[in-house]
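Here is the structure we will look at, set down as structure tokens.
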Amino acid sequence: MENHYTNIKSLIENTKDKIGKPVSSQVVAATIESLGIREKDTMSDYGFTSIKDLADLIFYELTTDRYHLNAKNAKEREVLATQPKTIQISDYLRIKTKIFAEYYSLGIFHLLPVLIQIAAIVLFGYSLWTFVGFNQIQSTAVVLGVIIGLVATGGYVQVIGRQASFYWNYEDYRMTKQTINYLHKVGLLSIFFLLVAIFLLNFFFHIYPYEILFVVFAYAFLVGTLLLMLAPLHTIKQRWVITLAIFSGTAAAILLKETTNLQIFATHWIGIGLAILVAKTFLSVYFFNLTKNKKAISGNEIKVPVMLYHNYQYFFYGIFIYIFIFIDRILAWSSGLNGNLPFLVYFEKNYELGMDLAILVFLLLAGVLEYSIASFTRFIDIGQKITDHKTPEVFNYQLRKMYWQQVLLLFLTSAAAFVLIYFIINASWGFEGQFNEVLLQLSIKVCLIGGVGYVLLAWGMLNALYLFTLGQAMKPLKAIIYACLLNIFLGFVLSRFFAYEYSVVGMLCGAALFVALTLKANVKFLKNLDYYYYAAY
């Protein structure tokens, strides 16, 4: 008898978890059967002759007992715990301020790995893959290696962020782990085959000596691997490990440089290898503890065709973003307008200095992008809860207004970034004070044009993020492809017939086209946001 009471009590809770407050005893009976309880077991396990009689009792308990009044199923309780019940329009400013403070500071905080690299260069003239003492040939090899590594893995980083996030958000940690491991393996193979293709091309056309090619390949493989290992840390909300990995690798490389006679290349490779090891070790231990004694919710196999179908647009977007960023450099370094070059692509220090300063603008906008997409995803859900279904235009207007506020914030932050760059160029503690070297007017010109280009690129990426949130990936992909083509065409013409530094104008115009195309798509998207929101789910 006592056993019957315990079983009935447990069954009541299980039924409530599945259906909440039942509408009839027939629904309860169907739920009991779905739990695997058979008619012939009801007497021995619960003391009732049939499922119908057992269902009548549970229905009565769930609808009359004060303890079970307003019962909610598990999913309803989760929604109540994680989502606000009612958000008044008057609360928007307070909530936006809170989201901005949280995510903007988070975006800036996650620039710490970059700041570590900058600090290392200022203090030691050296970072995880740079060294101010490199000659132009060495710099050419290192920079080409870094570019190849970033481009080769950019698509996989995007897919990891999307596909692993899908499983992570559903708390299917085993499939999250399998997806990450699969994409790591395929990403590493892609780098390897790309390097083999480059080797064969060089074998037939003798573009670079093999000793230079070896350095290029080493940096490409290590930097690409590092990027792959760090990518999942964004998805699983453990980005502090990125800072730990970069700091550990940089500290080890500097220590080896200062205390041993190893070549700079070797200290870099050891430092990057250590950063990879830190990230990979954390992922292995973290997922081992997370998946211990847990089964996969969505199955145990990676469905490759399905993954390709859902993610190929994001994959190519990730590749073309990195291609776009480096096109102007490749064109400038291969111009030969001011004299014959020893190699097809040959590093030019003054141009690179200008672009390195310009990219600071883009990095400082990371907080705005982080805040913008967080607030959009938060308020699109809140908006559909508080907006009457008869007035979707109100919902669209609120989100459209928020978008333009974020664009304004983007430009205000950009203005602050340009003020910082002005002081870096002109202040006593700036570039000249740290490196005892005067920036040429060429570098300053490249910096200013490139800085504006990076502001536009950030705006275009903000538009793309908006479109990505509801599955509209094709339009940003087409926009970045067209932007790359314009970047190549204008950059080639200007760098070959005017001056090599004008390849940056191609980047600026390409970024402007990227903004124009994504803005057009975004305006249409925001005007019909209720439709796209419904269609996405």
Side-chain angles (χ1 to χ4, degrees), residues 110 113 146-197 217 219-239 241-242 245-246 272-273 275-291 294-323 461 464-465 468-469 471 473-474 476-477 480:
H110 290 137
V146 172
I147 290 173
I148 292 170
L150 293 174
V151 172
T153 54
Y156 293 101
V157 169
Q158 285 286 328
V159 176
I160 287 172
R162 178 172 168 78
Q163 190 64 37
S165 292
F166 172 80
Y167 292 118
W168 178 263
N169 291 333
Y170 280 97
E171 298 183 357
D172 192 347
Y173 301 127
R174 279 193 173 274
M175 281 302 292
T176 304
K177 176 184 176 180
Q178 288 188 42
T179 300
I180 291 170
N181 288 340
Y182 173 79
L183 291 171
H184 278 171
K185 180 176 71 174
V186 176
L188 291 174
L189 286 173
S190 295
I191 301 172
F192 174 77
F193 286 120
L194 177 61
L195 297 182
V196 169
F217 285 0
Y219 278 96
F221 188 81
L222 287 170
V223 170
T225 303
L226 178 61
L227 201 65
L228 286 173
M229 295 303 146
L230 297 180
L233 298 169
H234 291 267
T235 300
I236 65 176
K237 307 296 189 295
Q238 301 294 324
R239 287 190 274 188
V241 181
I242 298 175
I246 296 299
I272 299 171
I276 293 169
L277 182 63
V278 169
K280 183 60 178 177
T281 301
F282 175 85
L283 287 171
S284 299
V285 174
Y286 183 79
F287 275 107
F288 175 79
N289 293 326
L290 200 61
T291 59
K294 288 188 178 180
K295 295 181 179 179
I297 299 171
S298 312
N300 292 302
E301 294 184 2
I302 301 292
K303 298 178 177 62
V304 177
V306 176
M307 183 187 294
L308 289 174
Y309 176 76
H310 285 294
N311 294 288
Y312 76 93
Q313 295 169 347
Y314 301 90
F315 176 82
F316 287 112
Y317 175 83
I319 291 176
F320 279 104
I321 276 289
Y322 276 115
I323 289 174
M461 291 179 70
L465 288 172
F468 285 161
T469 54
M474 183 54 76
L477 174 58
I480 195 62

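Hydrogens, waters and symmetry mates are skipped; everything else that's a heavy atom, side chains included, is used.
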Evaluate side chain to side chain contact (heavy atoms under 4.5 Å, CB included) for V241 paired with L283, printing each intermediate quantity in order.
-> CA-CA 10 Å; V241 181; L283 287 171; over 6 Å; no
Side chain to side chain contact (heavy atoms under 4.5 Å, CB included) between V157 and Y322: does it pass, once the steps are laid out?
-> CA-CA 11 Å; V157 169; Y322 276 115; 5.9 Å; no
Which is it for K177 and L290 under the side chain to side chain contact (heavy atoms under 4.5 Å, CB included) test, yes or no, and what are the steps along the way?
-> CA-CA 10 Å; K177 176 184 176 180; L290 200 61; over 6 Å; no
Given the rule in the side chain to side chain contact (heavy atoms under 4.5 Å, CB included) test, do F166 and H310 qualify, once you have shown the distances and angles that lead to the verdict?
-> CA-CA 11 Å; F166 172 80; H310 285 294; over 6 Å; no
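Between F320 and L477, the shortest heavy-atom distance links the atoms CD1-CD1, 4.3 Å. Between A245 and A275, the shortest heavy-atom contact is O-CB, 3.3 Å. Here the shortest heavy-atom pairing between I191 and T225 reads CD1-N, 4.0 Å. Taking both residues in full, the closest heavy atoms of L230 and A279 are given as CD2-CB, 3.9 Å, listed atom of the first, atom of the second, then distance.
Here F217 pairs with nothing under the ring-ring contact (aromatic ring centres under 6.0 Å, His included) rule; sequence neighbours left out. By the side-chain contact (heavy atoms from CB on, under 4.5 Å) test, F192 pairs with V196, sequence neighbours left out.
Note that CD1 of I276 is 5.0 Å distant from CG of L222, once rounded to the nearest 0.5 Å. Interatomic distance, T235 OG1 to W168 CH2, rounded to the nearest 0.5 Å: 9.0 Å. With rounding to the nearest 0.5 Å, the separation of OG1 in T176 from CG in N181 is 11.0 Å. To the nearest 0.5 Å, the span separating CZ on F315 from CD1 on I160 amounts to 11.0 Å. To the nearest 0.5 Å, the span separating CG on L233 from CD1 on I180 amounts to 8.5 Å. Rounded to the nearest 0.5 angstrom, I323 CD1 and I147 CD1 are separated by 11.5 Å.
I236 has its side chain within reach of F287: a pair of non-hydrogen atoms, C-beta onward, lies under 4.5 Å apart. With contacts defined as side-chain heavy-atom distances shorter than 4.5 Å, the pair L183/L228 does not qualify. With a 4.5 Å cut-off on side-chain heavy atoms, Y182 and M307 count as touching. At least one side-chain heavy atom of H234 sits under 4.5 Å from a side-chain heavy atom of I242.
Applying the side chain to side chain donor-acceptor pair (under 3.5 Å) test to pairs two or more places apart or on separate chains, those with a residue in residues 150-160 are Y156-S190.
Aromatic ring orientation, F468 versus Y314: tilted (interplanar angle from 30° to 60°). Between F316 and Y312, the ring planes are perpendicular. Angles over 60° get that label, and only those under 30° would be called parallel.
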